[in-house]
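What follows is a short report on a single structure.
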Amino acid sequence: MELVVGASNATMRSLLGKLGGLLAQEYALVRGVRRDVQYINDELTSMQAFLRDLSTALDDHDNRMKDWMKQIRDMGYDIEDCIDDFAHRIPRDPSSDVKCLFIRTRFYELRMWWPRRDIASKIADLKVRAQQIGERRRRYGVHNPRNRKNGSGVSAGTYEVAEHQLTERQLIGTKEPVGMTADMEKLEDWLAKSDKSCYEERAVLSIVGFGGVGKTTIAMALYQKVRDKFDYRASVTVSQNYDEDAVLMMILKQVKPKESDHENQHKTGSSDVKQIKFEISHDKLVNELRDHLAEKRYLLLIDDIWSAKTWESIRKCLPHENKKGSRVIVTTRFQAVGATCSQGVIDFVHPVEFLNEDESKRLFKRSVSESKSIKYSEKELDQVTEEICKICRGLPLAIVTMAGLVASNPNTLSKKWEAVCKSLFPESVPSLTLDGVTRILEYCYNDLPAELRTCSLYLSIFPKGSKISRKRLIRRLIAEGFVSEKHGLSDEEVAETYFNQLIKRKIIRPVEHSSNGKVKSFQVHDMVLEYIVSKSSEENFITVVGGHWLIPMSTNKVRRLSVQSSGSEHGSSTKHMNLSQVRSLTMFRSLDQLHFHSFNNGILQVLDLEGCKGLKEKHLKDMCRMLVLKYLSLRGTDISKIPSKIEKLEYLETLDLRETDVGELPKSAGQLKRIINIFGGNKNPRRGLKLPQEINKETMKALRILSGIEIDEQSTGVEGLHQLTGLRKLAIYKLIILKDSKIFKELRSAIEYLGSCGLQTLALNDEGSDFINSLDTMSAPPRYLSALELSGNLDSLPKWINKLDNLHKLTLSVTVLRMDTFELLWKLPSLFSLTFSLSAAKQDEAIEDILEKNKSESGGEIFVPSGGFKSLKLLRFFAPLVPKLSFPKDAMPALERIEMRFEAFEGLFGVDTLKSLQEVHLRVNSAADEITNFIVEDLKTIKKPKIIVDHVITS
């Protein structure tokens with residue numbers, strides 16, 4: 001079945017809702033237009049039913065069917081544009097204001113005469129067009145779809161959203177590549193050798209193989225295994241169209257971490273380079289990188305190199321001489337490129353072969369079992385495995401993708417999979433070609449329910465190789481209208497279920513988890529993304545400019561535009577496009593070559609400029625004319641002020657101002673009646689976004705997230721927080737108020753009230769006001785909290801904290817790093833992560849005195865209680881001093897990772913007895929004394945868990 005169905009279905013659902021709203025506005029419709037709108041609504045309802053039938057039909061759509069479906073799609077787009085244009089050109093009903101009603105009504109009718117006539121004319125034309133499409137179907141013999149009645153396939157139906165709502169909270173781990181045990185040992189030994197005889201020049205390992213054969217999986221597994229043997233290490237993805245300075249900057253940030261970066265230092269894996277800001281010239285960047293690496297043993301992973309020229313440009317930026325046994329791992333699809341990278345005497349080229357039959361079966365079963373939904377007996381599973389592995393011919397990508405298909409259809413009879421395999425490959429093939437991989441990807445895609453097909457298509461917005469934020473994707477899907485409330489779940493919860501299904505079906509791969517155990521970011525395999533981008537282009541769903549793909553320039557009206565690279569050639573290519581129907585614009589890197597006046601301000605709904613350079617005041621003024629904008633992200637841009645005319649964006653739902661210099665929202669921002677999410681501030685250094693002066697239930701009643709704000713004695717919006725009863729997250733990055741002042745009492749009262757209304761996340765960074773110590777006086781615990789952060793000079797924990805049964809994530813000030821804290825928390829049933837941290841913005845001598853006092857009160861050593869913390873998987877300490885910590889044998893049975901950043905460290909005992917512990921990551925401040933460094937070196941002798949040490953630079 002063609003992808004057109006998925007996207008068109010989503011378009012129709014959104015459109016029918018808008019038509020229903022339009023029909024309800026009797027005052028706005030010219031006489032006779034109501035009948036036209038009703039006709040269009042009825043016609044589109046029938047068309048949507050037809051599209052739903054197509055989603056369960058046999059995959060035999062002829063060219064007539066495809067063309068007719070595209071006509072439906074294009075008409076739907078034009079109708080939606082007409083309705084959105086209508087919405088902002090026709091103001092609200094004057095009858096809602098009883099003052100001078102007669103005069104107001106007559107004036108309204110006079111002023112609206114021409115807009116209503118214009119829209120009436122457009123609707124009449126659209127009605128004729130709808131009639132013609134219906135007649136054309138009959139005239140050219142476009143027949144009804146035939147339902148799937150035999151065993152030739154698995155029906156791609158719907159699924160119950162509630163079934164997929166919950167997923168297990170977990171940390172990202174590195175899986176051992178199947179079938180590579182012997183090779184991994186050999187390569188690991190070659191990479192990790194540390195005897196003096198191996199200290200020659202830098203050596204390069206080139207991992208070469210067919211797309212989807214597992215090069216990156218092998219390279220990342222090697223990187224994780226041997227990284228603790230090197231002084232410095234970094235991992236980047238390059239791909240075809242790469243930015244050299246961005247790659248070099250990303251390497252430098254990883255090999256030269258700063259102390260203030262500690263909140264991001266636990267991340268490992270490929271790094272996304274698109275958001276790096278450049279503050280130094282290319283030459284200075286190269287010199288700084290060379291100087292830093294010259295005398296150290298380093299490990300670099302450079303993934304997905306496409307040409308020898310790319311390698312040469314990166315190689316020239318590395319130190320010319322380094323006799324410390326440094327290693328570079330590169331991955332490439334091309335044997336010639338691999339040979340060029342590994343030309344040295346001790347360099348090594350490792351070709352990755354396809355898996356044999358036994359290895360294929362093992363990978364398939366492991367991938368299927370991850371879903372935990374298979375209902376087959378062992379014999380049935382063996383039969384399915386046998387059939388699937390026959391057609392995959394040992395290619396890991398094909399095996400894993402088919403495993404996702406099987407896992408997502410647990411009720412399908414095992415015998416039907418034989419028919420599926422035969423329909424894919426009627427004749428036996430000796431090996432799997434690129435065409436064969438595409439055939440498998442297409443079948444798995446066609447099996448998706450319509451909603452998931454739309455979500456999959458949407459992934460083509462993002463560049464190849466990038467790490468994509470889960471929350472960013474979910475909020476954008478909601479803003480685009482592809483997700484709506486269902487079965488009593490909110491639109492965000494429904495979007496979460498869609499996301500979880502994409503993971504289960506192996507369409508996306510998690511690469512990073514947040515400290516609450518949820519997926520933070522993910523990637524799409526290159527070959528999967530290439531397939532999605534081609535289908536998205538065919539559907540005219542998303543138009544990509546400047547990406548890695550060779551896609552013909554769109555001759556259709558562009559609906560969603562993703563500009564994935566800067567450069568004049570890409571900017572000029574948009575000049576020849578029809579941008580009047582663009583509803584979604586995403587820019588990566590630079591705005592230099594794009595002009596907002598090319599777009600129709602009346603229909604643009606999503607504007608995502610995260611990390612872009614070149615944003616100017618004139619752009620902000622243009623944005624305030626985008627009257628139906630729902631999603632606006634300016635994160636990581638250079639802006640410092642938001643225009644007061646932002647109040648015109650009455651449909652705005654998400655405003656993201658993180659990592660900008662915007663310190664205050666204008667007073668008019670309080671008039672954003674539909675705003676749901678406001679993000680601001682910066683974590684490093686700590687900066688907050690001051691509240692708008694007007695906050696009340698009537699103007700901002702939809703607000704769910706208010707994050708990154710600052711409250712001081714001049715803040716006037718605090719009393720309005722009581723009215724935000726729908727608030728689910730409140731994060732105050734900077735709190736500077738006087739103890740027992742009016743604002744002090746109002747804020748505590750507001751938090752107590754919001755806690756009873758459903759507040760789920762509360763973060764407070766108290767800079768000397770003693771506010772966090774007053775929370776213990778609250779009359780009732782905020783029982784809905786799942787995440788809590790209390791930073792500042794915290795004397796003791798609120799006594800109600802042990803009643804928070806839903807608490808998953810807890811971050812506390814290091815001032816309560818004591819035994820009594822662990823004793824108060826040890827029975828929390830759901831606690832996934834526990835962090836003791838010190839705000840980088842405030843680290844004075846008083847804090848160090850408190851730490852010394854706590855250490856002495858605990859007898860110089862903190863013993864973690866045994867038998868508790870049943871769900872805890874992540875334990876972190878970010879402090880100038882970490883006292884001696886001891887773990888009894890049965891403590892923290894689920895703990896998988898310990899992370900520490902410190903200047904002084906007194907020891908870690910019993911970690912080798914923690915049965916689930918896999919990794920201890922230590923980040924040592926460059927000012928650490930000899931005793932601390934000796935203790936760290938002694939810890940490195942432990943064989944299990946793995947001990948990883950980094951040295952960070954003092955800010």
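For the numbers below, each heavy atom of this structure counts, side chains included, while hydrogens, waters and symmetry mates do not.
You'll find the side chain of D820 stays beyond 4.5 Å of the side chain of L797, heavy atoms only. In this structure the side chain of F771 reaches within 4.5 angstrom of the side chain of I751, judged on heavy atoms. Annotation: side chain of M900 is in contact with side chain of L908 (closest heavy-atom distance under 4.5 Å). Residues F836 and R876 fail the side-chain proximity criterion, which asks for heavy atoms closer than 4.5 Å. The shortest side-chain heavy-atom distance between S456 and L502 falls under the 4.5 Å cut-off. At least one side-chain heavy atom of S749 sits less than 4.5 Å from a side-chain heavy atom of H722. Within the 4.5 Å cutoff, no side-chain heavy atoms of L807 are placed close to those of P829. The side-chain heavy atoms of L939 and I942, taken from C-beta on, include a pair separated by under 4.5 Å.
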Test log, rule side chain to side chain contact (heavy atoms under 4.5 Å, CB included), inputs L885 and I898
CA-CA 12 Å; L885 295 168; I898 297 175; over 6 Å; no
Given the rule in the side chain to side chain contact (heavy atoms under 4.5 Å, CB included) test, do R704 and L727 qualify, once you have shown the distances and angles that lead to the verdict?
CA-CA 4 Å; R704 295 291 179 269; L727 204 63; 5.7 Å; no
Under the criterion salt bridge (Lys or Arg N to Asp or Glu O under 4.0 Å), I'd like the reasoning laid out for K486 against E451: C-alpha separation, chi angles, the key distance, then a yes or no.
CA-CA 12 Å; K486 186 182 293 187; E451 299 92 341; 3.3 Å; yes
Check step by step if side chain to side chain contact (heavy atoms under 4.5 Å, CB included) holds for F822 and I862.
CA-CA 9 Å; F822 284 98; I862 294 178; 3.8 Å; yes
What do the steps show when you test I678 against L703 for side chain to side chain contact (heavy atoms under 4.5 Å, CB included), and what is the final call?
CA-CA 8 Å; I678 296 179; L703 196 63; 3.9 Å; yes
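Across all non-hydrogen atoms, the minimal contact from P510 to I508 is CD-O, 4.1 Å. Minimum interatomic distance between N682 and E659 (heavy atoms only, all atoms of both residues): ND2-CA, 3.9 Å. Heavy atoms only, all atoms of each residue included: V864 and M892 are closest at CG1-CE, 3.6 Å. Of all heavy-atom pairs spanning R658 and G680, the tightest one is CG-O, 3.7 Å. Minimum interatomic distance between E493 and L489 (heavy atoms only, all atoms of both residues): OE1-CA, 3.4 Å. When every heavy atom of A495 is checked against every heavy atom of V483, the shortest pair comes out as N-CG1, 3.7 Å.
Distance CD1/I507 to OG1/T401: 8.5 Å, rounded to 0.5 Å. Expressed to the nearest 0.5 Å, how far CD of Q224 lies from CD of E188 amounts to 12.0 Å. A distance of 15.0 Å separates OH of Y498 from OH of Y458, quoted to the nearest 0.5 Å. Atom CG of N793 sits about 12.0 Å away from atom CD of E767, to the nearest 0.5 Å. Here E492 contributes atom CD and R728 contributes atom CZ; the two are 10.5 Å apart, rounded to the nearest 0.5 Å. For the atom pair OG (S408) and CG (L452), the distance works out to 8.5 Å, reported to the nearest 0.5 Å.
A salt bridge links E370 with K506: the closest approach of a Lys/Arg side-chain nitrogen to an acidic carboxylate oxygen falls below 4.0 angstrom. Ion pair E899/R901 not flagged as a salt bridge, since none of the NZ, NE, NH1 or NH2 atoms sits closer than 4.0 Å to an Asp/Glu carboxylate oxygen. The pair E378-K365 counts as a salt bridge, with a side-chain nitrogen and a carboxylate oxygen less than 4.0 angstrom apart. Under the 4.0 Å criterion applied to side-chain N and carboxylate O atoms, E919 and K946 are not assigned as salt-bridge partners. R470 has a carboxylate O that lies under 4.0 Å from a charged side-chain N of E496, or vice versa, which qualifies the two as a salt bridge. Between E861 and K855 there is no salt bridge, since none of the side-chain N atoms of the basic residue sits less than 4.0 Å from a carboxylate O of the acidic one.
In terms of modelled atom types and a separation under 3.5 Å, the side chain of K870 and the main chain of G867 share a donor-acceptor contact. Proximity of a side-chain donor or acceptor of Q254 to a complementary backbone N or O of S235 within less than 3.5 Å is detected. Judged purely by atom type and a 3.5 angstrom limit, R475 has no side-chain atom pairing as donor or acceptor with the backbone of L473. Looking only at distances, no side-chain donor or acceptor of E857 sits under 3.5 Å from a matching main-chain atom of N854. No donor-acceptor distance shorter than 3.5 angstrom exists from the side chain of W800 to the backbone of T777, with no hydrogens or angles considered.
When ring centroids are compared, F905 and F877 stay outside the 6.0 Å threshold. With ring centers used as reference points, F522 lies under 6.0 Å from F499.
Within a 6.0 Å sphere centred on CD of E906, heavy atoms belonging to other residues, nucleotides or ligands number more than 12.
Residue pairs that meet the side chain to side chain donor-acceptor pair (under 3.5 Å) test with at least one member in residues 806-817, sequence neighbours left out, are R169-H808, S515-K809, S813-T815.
Using modelled atom types and a 3.5 Å distance limit, the side chains of E823 and T821 yield no donor-acceptor pair. Side-chain polar atoms of D766 and S769 form a donor-acceptor pair below 3.5 angstrom. Side-chain contact of R233 with Y223: a donor-acceptor pair under 3.5 Å is absent, judged by distance alone.
Contacts of S707 classified as side chain to side chain contact (heavy atoms under 4.5 Å, CB included), with partners at least two apart in sequence or in another chain: F679, I705, K729, A731, Y733.
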